[in-house]
Each structure stands twice: as structure tokens, then as C-alpha cells.
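Heads up: the structure comes next, in C-alpha cells.
Whatever order the structure lists ligands and atoms in, that order sets their numbers, starting from 1.
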Amino acid sequence: MNATLITNGSVIDGTGAAPRAESVLILGDKIAATGAAAEAQAAQLPGVHTMDVAGCTVMPGLIDGHCHISFDEPNSNDELFFHRRHGLAAITAARNARRVLQSGVTGIMDADSIFEIGVDLRDAIEAGIITGPRISTGGYALWTSVGGTAGRLIPDRGVMGYGKVVAGRDEIIAEVRRQIKGGVDWIKVHVTGLVPRHPLGGEVQSWSREELRTVCAAAHELGIPVLGHCRGAGAIVDCVEAGMDLILHATLMDDRALDVLVKHRTPVMPVFTFLANLADYGARIGADDTVRAMFRREIADSAQMLRRAYDAGVPLLCGSESGFSITPYGDWHYREMEVFVRELGLTPLQAIQCSTQANAFAMRMAGKVGEVLPGRLADLLIVDGNPATDVTVLGDAARLKQVLLGGRSVDLTPDAPRRDPPGWRVSTYGARLGKDVAAGAPPPPPVDLTEP
Ligand SMILES: [Zn+2]
């Protein structure tokens, strides 16, 4: 059995506690002891391997609560829905899973995937067939026919991309049961979405209260939790009161929504990274200034309410929306913590807790991962630097010295560069060529900003 004593590190345990200089003893796939107990126990064991990590931080592996491992960084829903093949998507997802793990992410939740690949990928990783982070997964996201995150690309019935349209009580129950039979860890519902030309503007609630109660009851009867993509106060109230277990985004809350959320202590995952990346860096990829300002406003407007929720005891979870062209795998998984510190005023240690201990809930592994404590799985990072003062060091690949998954060291050698398989991306003629552009005016922005 693997017996390793990690010495001379500064340990961030994931609970929000300040770093401590202490040893960590790993036996097999678990943390056996920390501090003086670890050293005493190690002294009694023959053949303990000592890992001296002087100057480094030892902390739980990051958990990314919102990572679309099957998407392969599309530019648009068109690309994702109409340019992917089942087998190739699964093979590509396996490579992307390894990349995510190599960036220090030892667990992800993938709430919805094309071809329901998340289930297969999770099982292949658990069986040791491929290497990747621990995965908790949904199947197809559930839509009603009026809309969700893909506007008019959503069909009136059936499967499209990462989602499936359900019509009425019987179909909702049948689909929930079908997914649970298939092995999902979560049921995902797109509760709100953009409906082109709808008079209300913004995201419209596309599920009735009765439908939300139906989906929660059908899943809960079989012991499976439900999460909802949800923007807007009314939808948040309806989801929480229907018994939903996790709210994604939860932006645009009012006081009533906040009250209901606090009363139920329903965890919230804001998923700001996608918006923050466009707001901060969008100009470099040609994103329109008005859209960038809109995304910045959504973060700023929501930050205060989410901070009040956090202060009142609502768990905040970190999710990065990795898997789009704006959030490529391996680069941005730390970023939500940076936004929590900058926009919500959390301390770095609080933000780390959101990405580790609290996020074990998204993994459905609370008390098993996300903490450097005796009895937890030994999913650990060795980082050259102090994330307790600056979480962005967790986004610096050069500082990530080791990743341990279940006590085993992960090979951090990057894969050779890849190309895109033929027909994999949407190709365009380029931007619109008006006479003004021909005469030298700047072309319109090429970025598709379909909201995830
Ligand atoms: Zn998403």
C-alpha cells in the first residue's frame, strides 16, 4: 500500500482555516493523518516514502462545479449541436478530461453533455480505463419547448445538443427515470432562457411551478438531486420552493428571492467566469463593447445580493463554465475564485473553501473530498506559492508542482498539440463585407455570444 509522508508544506485544509505548517500522511488512496499524528504514525510504518515540499502549499485538489467536458470549446451552439459526432466527441472528451486534471482539478461536475457522454466518461475514469478527474454528471438538460439556452435551435420535441425537450408531466417523469436508469448523478433543468423577440426581454422562465415540482419529486423519489440554470428573481423563488437542490447563476435576485434562498439554504453556483472572461479580455478576441459592458453589469449587479446570501449562510460554489472557446479546458478553472475575491469581497481562503470543501456537494461527495483532513480521499495539490494571499497562483501552470488523485501522482507532461478533426468546427466566410469595410472601416465582431 502507498504510504507517503508529505513534510515541510504549508497546509490549506479547505475548511477556510488559516494555513498550518504540518505534515500529511497518505495511506493508500486516503489521508490517514495530519500534523504530529501523521509523523508519529509514519514513524511506526516500514517503507514510508517522504515527500519534502518545503516552500510549497499543500491543499485539496480544485473542484470545478461547472465544466462541460464534452463540448470541446465550441464558438457557438450551432457548432456544438450540428458539427459533432458521437464517438469522436467521447474520444476528444477523454483527452480534455486529462488536461483538466493536469491543471489541478481533481473533481468536476458536468451537468449536461452532448450524447450524454458525461456518464460514459465518469464510468471509464472510475474503472481506470482513462485518466481524468472524478466526475459527477447529469445527462441531457431538460428544456420545455418555449426555450432555454439555445433560442430557436431548441426543437419542439426530442433531443438537440446537450438538451432534451419534455412536454408535460408524463414526459418529465419518464425522462427523469430514463436518465436515472442510465446512471446520472444529477438532473439538470434549464429553468430560464432567452426567447428571441419575447416582450419581457432577458431570460424568460420557461417552466411552470407545477412542472418544477414534478421534476423535483420524480428525481427525489429515486434519491437523485436536481439543479437548475436560473436567472431572475421569480424563477429562483419557484425553484427553491419546488425543492431544487442547487441553483446555477442565481443572478438578478430581489429581496424576496434572497429571503427564500436563505430560508432553504439552497447552494448557489454563480458561474461568473464566462462573463468575467468576456468582460475583461473580450476586446482581445473582438467581442463587442456593449456586450462586454452588459456582462460586467450582470456581475456587478449580482455581487451584492450573492454576498448577502453568503453572509446569511447560503453555500456558494465555484464553477467555471469551462469547455467553450471563451473558457478553454485547463486555463480558467481557478478564475471563479478570483472573481469571488474581487467582486464579492471574499478572502482567498473563503474562495478556496468554495472551490474545495463546499464544492464536494456538487460532486455528491461531501466529507469525502475537498478537505485535507484524516479519512478524506488524497486528492491534493502541491503548489509553489501562497494561494491564501493570491488565488491566481492556482492558475499558473509553472507553479503547480504535483497533483495527487487518490494518493497517486498525476503525470503532468502535456499531450502533444492537436488539430481539429475535419468538419468539427463551424467555418464562416469571415465577417460581413459591406462597402464600408471594403473601404477600410473595422469589420463587425466575429464572436457569437450565445449565452451558456
Ligand atoms: Zn453551462
Side-chain angles (χ1 to χ4, degrees), residues 63-81 84 89 93 96-97 100 105 107-118 121 133 135-143 147-151 153-154 160-164 184-194 203 206 225-232 235-236 239 244-251 267-279 295 298-299 302 316-333 335-336 339 355 359 362-363 448-452:
I63 296 170
D64 189 336
H66 199 82
C67 181
H68 293 292
I69 202 68
S70 71
F71 287 8
D72 198 35
E73 305 172 1
N75 257 307
S76 65
N77 278 327
D78 310 39
E79 182 176 305
L80 184 60
F81 291 4
R84 294 289 190 265
N96 290 333
V100 168
V105 177
I108 62 168
M109 174 166 66
D110 186 2
D112 46 12
S113 51
I114 57 172
F115 311 113
E116 296 188 316
I117 284 168
L121 207 62
I135 294 180
S136 75
T137 187
Y140 289 129
L142 305 188
W143 284 313
T149 46
L153 290 183
I154 296 172
M160 176 62 75
Y162 50 74
K164 181 166 184 177
V184 299
D185 303 298
W186 286 90
I187 296 290
K188 178 169 180 187
V189 180
H190 278 272
V191 183
T192 61
L194 292 168
E203 290 201 8
S206 52
V226 181
L227 73 138
H229 165 109
C230 193
R231 288 189 164 97
I236 293 165
C239 285
M244 207 167 270
D245 303 276
L246 171 61
I247 309 290
L248 290 187
H249 309 301
T251 48
V268 165
M269 193 182 288
V271 197
F272 283 135
T273 297
F274 187 96
L275 308 178
N277 272 10
L278 265 173
F295 283 170
E298 179 168 343
I299 297 173
S302 306
L316 280 187
L317 310 185
C318 283
S320 74
E321 199 84 77
S322 282
F324 290 89
S325 61
I326 291 158
T327 47
Y329 303 106
D331 284 1
W332 300 108
H333 305 283
R335 169 87 152 136
E336 194 76 359
V339 179
S355 183
N359 245 358
M363 299 301 297
D448 184 304
L449 297 169
T450 315
E451 257 186 276

Out of the N/O/S atoms in E321, what is the name of the one closest to the Zn ion (ligand 1)?
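Checking each N, O and S atom of E321, the shortest distance to the Zn ion (ligand 1) belongs to OE2.
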Is H229 close enough that one of its N/O/S atoms sits under 2.8 Å from the Zn ion (ligand 1)?
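Coordinating: no.
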Closest approach of T149 to N77 (non-hydrogen atoms, all atoms of both residues):
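Looking at all heavy atoms of both residues, the closest pair is O-ND2, 3.2 Å.
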Is the closest side-chain donor-acceptor distance between H229 and E203 under 3.5 Å?
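Yes.
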Could I get the full list of ring pair (Phe, Tyr, Trp, His ring centres under 6.0 Å) partners for F71, not counting sequence neighbours?
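Ring pair (Phe, Tyr, Trp, His ring centres under 6.0 Å) check on F71 returns H68, Y162, F324.
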Opening angle between NE2 in H68 and NE2 in H66, taken at the Zn ion (ligand 1), to 10 degrees:
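An angle of 100° at the metal.
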Quick one: list whatever passes salt bridge (charged side-chain N to carboxylate O under 4.0 Å, His left out) with D245, sequence neighbours left out.
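Counting only residues at least two positions away or on another chain, D245 forms no salt bridge (charged side-chain N to carboxylate O under 4.0 Å, His left out).
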